[in-house]
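What follows is a set of notes on a single structure, which appears directly below.
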Protein chains: 2
Amino acid sequence: MATYRILENPDLESALKTIKEGLMRNHLLIIIGECYIDYEGRSASKLGLGERIVIIKQDGAVLVHRPKGYSPVNWQPSTTTIEVWLRSGEGLSLLAVRNRPREYLRILFTKIFTIIEGVFHDSAEFVMYLSESEIRDIIFENPDLLEPGFKPLEKEKRIGQGAVDIYGLDSNNNHVLVEIKRVMGDREAVLQLYNYVENYKNGVENNVRGILLAPSFTPGALELLAKLKLEFKEIDLRKLRLLSQSSKKKPNSTLFEYMNEKGRD
Amino acid sequence: MATYRILENPDLESALKTIKEGLMRNHLLIIIGECYIDYEGRSASKLGLGERIVIIKQDGAVLVHRPKGYSPVNWQPSTTTIEVWLRSGEGLSLLAVRNRPREYLRILFTKIFTIIEGVFHDSAEFVMYLSESEIRDIIFENPDLLEPGFKPLEKEKRIGQGAVDIYGLDSNNNHVLVEIKRVMGDREAVLQLYNYVENYKNGVENNVRGILLAPSFTPGALELLAKLKLEFKEIDLRKLRLLSQSSKKKPNSTLFEYMNEKGRD
DNA sequence: ATCTCTATTTCGGGA
DNA sequence: TCCCGAAGTAGAGAT
């Protein structure tokens, strides 16, 4: 059960004390206040005064969120050291340093509105469906989805420095390299496939086909596929999801299914 | 100035009322509580019961954070509709729907520990230094950094569907296509350059050089560069940063510079 | 430790 | 609007 405390409108000394305690104990900290931010590392940035939410997670990750938008404006992934101190007459200073790559995130709070400090528990399992690797496995088990007579031989076959998703033989014993995309296939995906095919041709054979598998394709991708004499095939994610559900044991009933069954009302 | 309120240990009815008001007024909401989460859209996921921080931003973006890690476990970028209602005997249900792509995020709170609801202001300008486009501009202005006698002619020159960073002529009037990476150059960057060069050759000339500019290169990239007869050159980001600082008017003194000058103590 | 590739990538810019 | 490529991408998996 969560154990935490809330400080409202703390003076900076109390804020400092609370934040220091939280950091020492690897607690979660949510600091809401007015601050400046500077970052220097792989790049560098600065951000003027504004009201923000700063979250320091229990593993030391730091997030700075503005009132809008999905992305944090500044951040630090799980950091080795976070220090905090008072700068008399200016505010409360927080420095988060990451070692590899060496990066510095500095926050200067001029006002702190609220601090939440404590321990939160969350050990639930996170399950994600229909990742690319899952699609690859379904195609491997159901090779006719690619084309009749296709014989898949290897998943993640190393070719050069990379690995093609599926390698196999077609009904005429041509070598087939299959690159799979879970989202719309773009030029980048085509270039990836091209690289595998050229690499494989150089190494071994000449009768090599490259097939890009995706739910849809950008015009640029289709043009490039034609130019590079590569093939493509659309996959129907809905169909794959059904196959996936029928082939493996049903997961425990989810809230989502539950809600779907019951509806909202 | 921020205007907000904090509810501690609200019953679900009060929580519902506060969240509804916050949503109606496009306020920021931070909801800390115990919840289940299901997502369905481009992919699908489920997450069992655990203690989490849910942030609903003033533009409708939704973030669900676990106690650890940089990334939100579930989220919804700025959403069209968020609904919330009570499910008697079960908890408080929140549904965030995005239209393109169509995605559903459902959160069922079984307990709500704390809610923060209010308006926060942040109109400060965010400035980022040494983005790729900035590097491109510096090279364009200082072409000798690439090689003596290089004459840059065009930035972001369209070639096929993409655009090469810099196009120009070398001292022998060869066409030169320059692809710039701010981070370590990898195989993908080489393929990108290769694609531009081939496309340009087909279209026009034969004496076309392709040069990849990056602070460093992966072994795979170097191998591929050799194979495809493309060139590369290392750039020194520190040197570029100095050039950039001296060539353009100094930005206002930043907290970062200030701290550097003064030190921490 | 390094390299490669995925991601519910998100985001911004240009056609 | 779609498409393309950057990002302080982060994170996982393989070598």
Side-chain angles (χ1 to χ4, degrees), chain A residues 39-45 61 63 69-78 98 100-105 128-136 156 158-165 179-189 191-192 195 216-224 237, chain B residues 38-45 61-64 69-78 96 98 100-105 126 128-136 156 158-165 179-189 192 195-196 216-223 237:
Chain A
Y39 152 76
E40 177 144 328
R42 287 165 292 180
S43 182
S45 71
L63 307 169
Y70 160 82
S71 312
V73 63
N74 281 109
W75 69 91
Q76 200 73 285
S78 186
R98 185 187 183 187
R100 222 173 5 266
R102 190 78 177 176
E103 302 199 283
Y104 303 87
L105 176 65
M128 176 78 74
Y129 305 103
L130 264 198
S131 62
E132 190 184 273
S133 62
E134 204 172 340
I135 296 175
R136 183 202 60 207
E156 294 298 319
R158 307 276 318 167
I159 292 181
Q161 296 77 24
V164 73
D165 291 318
E179 176 67 23
I180 298 170
K181 289 294 154 194
R182 201 185 42 75
V183 294
M184 186 183 283
D186 57 10
R187 290 171 59 254
E188 199 175 295
L191 288 173
Q192 217 175 104
N195 189 234
S216 60
F217 302 86
T218 65
L222 292 172
E223 191 185 311
L224 196 55
L237 288 184
Chain B
D38 277 79
Y39 152 75
E40 179 145 326
R42 287 165 292 178
S43 182
S45 72
V62 180
L63 306 170
V64 182
Y70 160 84
S71 311
V73 63
N74 282 107
W75 69 91
Q76 199 75 284
S78 185
R98 184 187 184 187
R100 219 172 8 263
R102 191 77 176 175
E103 303 198 283
Y104 303 87
L105 177 65
F126 179 68
M128 177 78 77
Y129 303 104
L130 266 197
S131 61
E132 188 183 276
S133 63
E134 203 173 341
I135 296 176
R136 183 201 60 206
E156 294 297 320
R158 307 276 318 168
I159 292 182
Q161 296 76 24
V164 73
D165 290 317
E179 178 66 24
I180 297 169
K181 290 295 156 194
R182 201 185 45 73
V183 294
M184 187 183 282
D186 58 9
R187 290 169 55 252
E188 195 176 300
Q192 218 175 100
N195 190 234
Y196 292 136
S216 61
F217 302 86
T218 66
L222 292 173
E223 189 185 312
L237 288 184

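Computed over heavy atoms, backbone and side chain alike; hydrogens, waters and symmetry mates excluded. All chains are named by letter (A, B, ...) in the order of the sequence lines, taking the proteins before the strands, and each is independently numbered beginning at 1.
Summarising the geometry of A:E132 relative to A:D165, their closest heavy-atom pair is OE2-OD1, 3.6 Å, with the distance given to 0.1 Å. The shortest non-hydrogen separation linking B:Q76 to B:A96 is NE2-O, 2.9 Å. Contact record, B:A61 with A:Y70: CB-N, 4.0 Å, taken as the closest heavy-atom pair. Between B:T218 and B:D186, the closest heavy-atom pair is OG1-CA, 3.6 Å. Counting all heavy atoms, side chain and backbone alike, B:S43 lies closest to A:L130 at OG-O, 4.3 Å.
Atom-to-atom distance recorded for B:Y196:OH and B:Q161:CD is 9.5 Å, nearest 0.5 angstrom. Going from atom CD1 of B:I135 over to atom CG of B:L237 covers 5.0 Å, rounded to the nearest 0.5 Å.
Residue side chain A:N74 reaches the base of D:dG8 through a donor-acceptor N/O pair under 3.5 Å, judged by distance alone. For a distance-only test at 3.5 Å, the side chain of B:E156 fails to qualify as a donor-acceptor partner of the base of C:dG14.
Computed from coordinates, the A:L224 CG to D:dC4 P distance equals 10 Å when rounded to whole Å. The interatomic distance linking A:L130 (CG) with C:dA7 (C1') rounds to 14 Å, in whole Å. If you take OH of B:Y39 and C1' of C:dT8, they are 3 Å apart, rounded to a whole angstrom. Atom P of nucleotide C:dT4 and atom CD of A:E188 are separated by 14 Å, given to the nearest angstrom. Nucleotide C:dG13 holds its P atom 13 Å from the CE atom of B:M128, rounded to whole Å. Put simply, CG on B:D165 is 13 Å from P on C:dG14, counting in whole angstrom units. At whole-Å resolution of the value, CD in B:E134 and P in C:dG13 are 14 Å apart. Residue B:I135 contributes atom CD1, which lies 12 Å from atom P of D:dA6 at whole-angstrom precision.
At the heavy-atom level, B:P219 lies under 4.0 Å from the strands shown only through sugar-phosphate atoms. Using a 4.0 Å heavy-atom cutoff across all strands shown, A:M184 reaches sugar-phosphate atoms only and no base atom. Contacts of B:Y196 with the nucleic acid, taken as non-hydrogen atoms under 4.0 Å apart, involve only primed sugar atoms and P, OP1 or OP2. Residue contacts shown for B:V73 include a base, since a base heavy atom lies under 4.0 Å away. Among the protein residues, B:S133 comes within range of no part of the nucleic acid, since none of its heavy atoms lies under 4.0 Å from any strand. At the heavy-atom level, A:G220 lies under 4.0 Å from the strands shown only through sugar-phosphate atoms. Counting any heavy atom pair closer than 4.0 Å across all strands shown, B:E179 reaches sugar-phosphate atoms only and no base atom.
Rounded to the nearest Å, the gap between the P atom of D:dG8 and that of C:dC5 is 22 Å. Here the separation of C:dA7 from D:dA6, taken at their C1' atoms, is 15 Å to the nearest Å.
Remark on DNA chain C: of its neighbouring residues A:G162 and A:R100, the 5'-side contact belongs to A:R100, judged by nearest-heavy-atom nucleotide. In this structure, B:Q161 and B:V183 both approach DNA chain D, and ranking their closest nucleotides by distance from the 5' end singles out B:Q161.
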Report the C-alpha separation of B:N195 and A:L224 in whole Å, then their side-chain angles, then the decisive distance to 0.1 Å, and conclude whether the side chain to side chain contact (heavy atoms under 4.5 Å, CB included) test is met.
CA-CA 9 Å; B:N195 190 234; A:L224 196 55; 3.5 Å; yes
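An OP1 or OP2 oxygen of C:dT4 is reached within less than 4.0 angstrom by a side-chain nitrogen or oxygen of B:T218. Taking only side-chain nitrogens and oxygens, B:Q192 comes nearer than 4.0 Å to OP1 or OP2 of D:dA6. When the side-chain nitrogen and oxygen atoms of B:K181 are compared with OP1 and OP2 of D:dA7, none of them lie within a distance under 4.0 Å.
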Distances under 3.5 Å between nitrogen or oxygen atoms of protein and nucleotides 10-13 of chain D:
residue : atom : partner : partner atom : Å
D:dA10  : OP1  : A:R42   : NH2          : 2.7
D:dA10  : OP1  : A:W75   : NE1          : 3.3
D:dA10  : OP2  : A:R42   : NH1          : 2.8

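Closest approach to the A:S131 side chain among D:dA7, C:dA7, C:dT4 is made by C:dA7 (side chain taken as heavy atoms from C-beta onward). Relative to the side chain of A:R158, the nucleotides D:dA7, D:dA14, C:dT8 differ in distance, and D:dA14 lies closest.
B:Y129 and B:E134 form no side-chain donor-acceptor contact under 3.5 Å, judged by distance and modelled atom types alone.
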